Amino acid sequence: MALLEINKLSVEFGSAAHPFRAVSNVDLSVDAGDIVGVVGESGSGKSVTMLALMGLIDAPGRVTADALNFDGKPLLNMKPAQKRQIVGRDISMIFQDALTSLNPAYTVGFQLIETLRQHTPLRGDALKQRALELLELVEIPDAKSRLNAYPHQLSGGMSQRVMIAIAIACNPKLLIADEPTTALDVTVQQQIMELLLNLQKSQGMGLILITHDLAVVAEVAQHVVVMYAGEVVEKSPVTEIFDRPRHPYTQALLASIPEHSKGAERLHTLPGVVPGQYDRPSGCLLSPRCPYVQDRCRTEHPDLYPAGAAVARCFYALDDAGRPTHV
Amino acid sequence: MIRFLLRRIGVVIPTFLGITLLSFSLIHMIPGDPILVMMGERHIDPEFYKLAMHNLGLDQPLYLQYWHYLVNALHGNLGLSVRSQVPVMQEFLALFPATVELSFCAMLFAVPVGLAAGMIAAMRRGKVADHGVMGIALTGYSMPIFWWGLMLIMLFSVKLGWTPVSGRIDLLYDIQPVTGLLLVDSLLAHDMDAFKSVVMHLILPSIVLGTIPMAVIARMTRSAMLEVLREDYIRTARAKGLSMARIVLIHALRNALMPVVTVIGLQVGTLLAGAVLTESIFSWPGVGSWLINAIGARDYPVVQGGILLIATLIILVNLLVDILYGVINPRIRHAR
Ligand SMILES: Nc1ncnc2c1ncn2[C@@H]1O[C@H](COP(=O)(O)OP(=O)(O)OP(=O)(O)O)[C@@H](O)[C@H]1O
Ligand SMILES: [Mg+2]
């Protein structure tokens, strides 16, 4: 049984009369201890999917799903009080902008201990002891004095280390890292990523790694999920996807790597941008940008079809040579 | 922190000097001859006129006059009231506790009610509770104090007979003044009946005086809360699995308080202005009605000294607010 099992997760914003499906029928599963890479251009719904999973989408946003099971427990429709015992303890999340993700009014120690107090039976000095341990675990130098530091006294990399310490404080089974290094200086990006991956290994956590850095995904993930305009367009074992992408979008993403290996914010290899609320095409959502587009693609919406070892949302999934299988 | 304090205090000194200059020039801005204006239409014999000029120091060059005024003011010497021939400072100190007590109780009403109302409105944004609370706040803000005070007196004092109409305490109690704050003095005298009477006398004027600050605080709290609730660190707090109460009270409110504390500080100025009216509605023997009477009687030393004292108080309160702000906001405290 998978640690996390998501079935047909959808998130809608906007009014009931003019809904905007930021996330549409997303299926995703993560096995215990696995790393799943989630990639896709800006605006493809990666963050919204994860926030929905954490229960952090507020009204008027609407979350629906056929199943949202974590560790055998259905998260959807779970009472908030019950869900709060899982979120922050068994599932935790770190965000892109660490500097704004810490509360400026409280010390690092306060914010770390708060999580421990919420989810563990530790009290008193034991809390402080554990907080210190955690700061040392995320390799913060001079950890003892950092406990009393305020967020504005920390650098971006230091803040992200603190966020990671908070996230792993209760030994979570699943960690969601939403572009954990994008906001950092290039020089510290790699250190933070290494730290994260080392911790993942030593703690045996499942990890959902959202990133623009396909090179990292290729190196560490077991599975890759490619998202586009709120949909999963391809799911594939990592061994397959880099050599034999099945979806034209995946192919374009990979082709953009050599040009700028970090941050495929926008693709040189595909003209245009991800369609937003007002310019979603009918049929296949990639059809206006797809180099292999056929008439059928403009009218009919494709499902996820098996293609080799992967599944791809394309009527004419690419063959092993990277050519569309036009009939 | 010490550096922060020193810098704040450094700013206060020029402001204080500016105010002394202003209150000093007041006497020179009176149209016509100040002595004649003060003495009214009566005939004044030249000897007395000269003496009065000399007593007020008006026969000296301006810069010397100011210097003496400043030195005297710093020693707490603000001259004599023309009417009572009692030192202005002494009159002020005798009446000030009454104003402090009233203002304090007004804030005791305004701050918790305003904070709670603003928070409820922010949490229920766009819902009935939000519109209801903010509608009441807007009404409170635009309420003419005089009318509002009279309405409350009519309802609660005259019609229902729940609260007394005016004054600080029933005449039948004789409380030994220690602090001048009747709430404290009646407790020190172990006279619970007197204490109750003081409380009953305070309720209506406190509500009247506190209404505008309450409305301002409610609106400020609401908008500050709405802003803070959108912040990334609130998302982090929620991702930690904290309870809604903890997120709102610990994570959001603390940050929302920063602008609210400033507003509360600024309300102290409004409060002293409002006290003037409120004190006259409820015949409250404080510095507000004292100042009003002095203006009516053209008792210029009192007007001059009263304004200097009240303005100085406002500066001190603002200094306190600044310091408090630094305590709440570590970024300001650590700023170089
Ligand atoms: N609260 C919201 N209300 C309305 N629309 C939203 C909201 N949050 C996100 N969206 C929209 O949902 C879509 C998906 O956004 P999302 O943040 O998930 O993208 P992303 O894949 O994480 O992109 P990035 O790489 O920039 O982080 C976007 O079009 C965004 O504008
Ligand atoms: Mg995102």
Side-chain angles (χ1 to χ4, degrees), chain A residues 47 50-51 53-60 80-108 110-120 148-154 159 162-163 166-167 169-170 172 175-176 178 183, chain B residues 1 3-4 115 119 121-130 221 224-262 322-336:
Chain A
S47 297
M50 297 310 147
L51 292 175
L53 166 62
M54 296 286 286
L56 297 181
I57 299 286
D58 288 318
Q82 207 182 346
K83 190 161 181 174
R84 284 210 313 270
Q85 302 194 340
I86 297 178
V87 166
R89 189 186 68 185
D90 295 332
I91 313 179
S92 53
M93 183 160 177
I94 56 178
F95 303 95
Q96 179 171 338
D97 196 347
L99 281 176
T100 59
S101 293
L102 289 167
N103 193 326
Y106 296 102
T107 61
V108 166
F110 179 96
Q111 301 187 55
L112 193 47
I113 285 172
E114 177 181 54
T115 302
L116 294 168
R117 196 191 295 276
Q118 179 80 17
H119 296 292
T120 69
N148 298 320
Y150 285 91
H152 70 272
Q153 297 169 317
L154 304 179
S159 307
V162 172
M163 282 299 292
I166 292 173
C170 310
L175 175 64
I176 302 169
D178 188 352
Chain B
M1 191 72 201
R3 251 177 114 142
F4 166 78
L115 281 179
M119 272 164 50
M123 302 298 298
R124 303 242 145 248
R125 180 188 194 178
K127 306 235 171 75
V128 180
D130 182 14
T221 305
M225 279 299 275
L226 284 179
E227 196 150 307
V228 166
L229 286 172
R230 275 197 297 268
E231 295 282 352
D232 284 354
Y233 53 79
I234 297 299
R235 187 184 59 191
T236 305
R238 293 174 66 195
K240 285 176 170 179
L242 304 177
S243 68
M244 206 56 208
R246 187 171 173 93
I247 292 169
V248 170
L249 294 176
I250 306 288
H251 285 273
L253 187 60
R254 173 77 177 264
N255 288 286
L257 270 185
M258 294 175 196
V260 174
V261 165
T262 317
D322 265 0
I323 292 171
L324 206 59
Y325 203 79
V327 172
I328 299 178
N329 189 344
R331 252 176 304 189
I332 289 187
R333 196 189 326 144
H334 292 138
R336 288 282 123 119

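Only a predicted model underlies this, so the values are computations on that prediction, with no experimental measurement involved. Sequence lines set the chain letters: A, B, ... in the order given, protein chains first and strands last, and positions in each chain run from 1.
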Next item on the list: Using non-hydrogen atoms and a 4.5 Å limit, figure out which bit of A:Leu99 sits close to chain B: side chain, backbone, both or neither.
Entry: neither

Notebook entry, point to check: For the atom pair CG (B:Leu242) and OG1 (A:Thr115), what is the distance rounded to the nearest 0.5 Å?
Noted result: 6.5 Å

Item checked: Heavy-atom pair with the smallest gap, counting every atom of A:His119 and B:Gly241 -> NE2-CA, 4.3 Å

Check: Given that the side chain runs from C-beta out, which part of B:Ile234 has a heavy atom under 4.5 Å from chain A: side chain, backbone, both or neither?
Finding: neither

Next item on the list: Before giving the answer on side-chain contact (heavy atoms from CB on, under 4.5 Å), spell out for B:Arg235 and A:Leu51 the whole-Å C-alpha distance, their side-chain angles and the decisive distance to 0.1 Å.
Entry: CA-CA 9 Å; B:Arg235 187 184 59 191; A:Leu51 292 175; 4.0 Å; yes

Check: Roughly how far, to the nearest 0.5 Å, is the NZ atom of B:Lys240 from the CG atom of A:Leu116?
Finding: 9.5 Å

Item checked: Heavy-atom pair of closest approach, residues B:Asn255 and A:Ala105 -> OD1-CB, 3.7 Å

Next item on the list: Taking all heavy atoms of A:Phe110 and all of B:Ile250, pick out the closest pair and write down the distance.
Entry: CZ-CG2, 3.9 Å

Next item on the list: Could you list the residues that satisfy side-chain hydrogen bond (donor to acceptor under 3.5 Å, both in side chains) with B:Arg238, not counting sequence neighbours?
Entry: A:Asp58

Next item on the list: Pick one of side chain, backbone, both or neither for A:Leu56, based on which atoms fall under 4.5 Å of a heavy atom in chain B.
Entry: both

Note to self: Among residues at least two apart in sequence or on other chains, which ones pass side-chain hydrogen bond (donor to acceptor under 3.5 Å, both in side chains) with A:Ser159?
What the structure shows: none

Next item on the list: Sort out for me which residue in A:Gln111, A:Met93, A:Met163 forms a side chain to side chain contact (heavy atoms under 4.5 Å, CB included) with B:Thr236.
Entry: A:Met163

Checklist line | CD on A:Gln118 to CZ on B:Arg246, rounded to 0.5 Å | finding: 7.5 Å

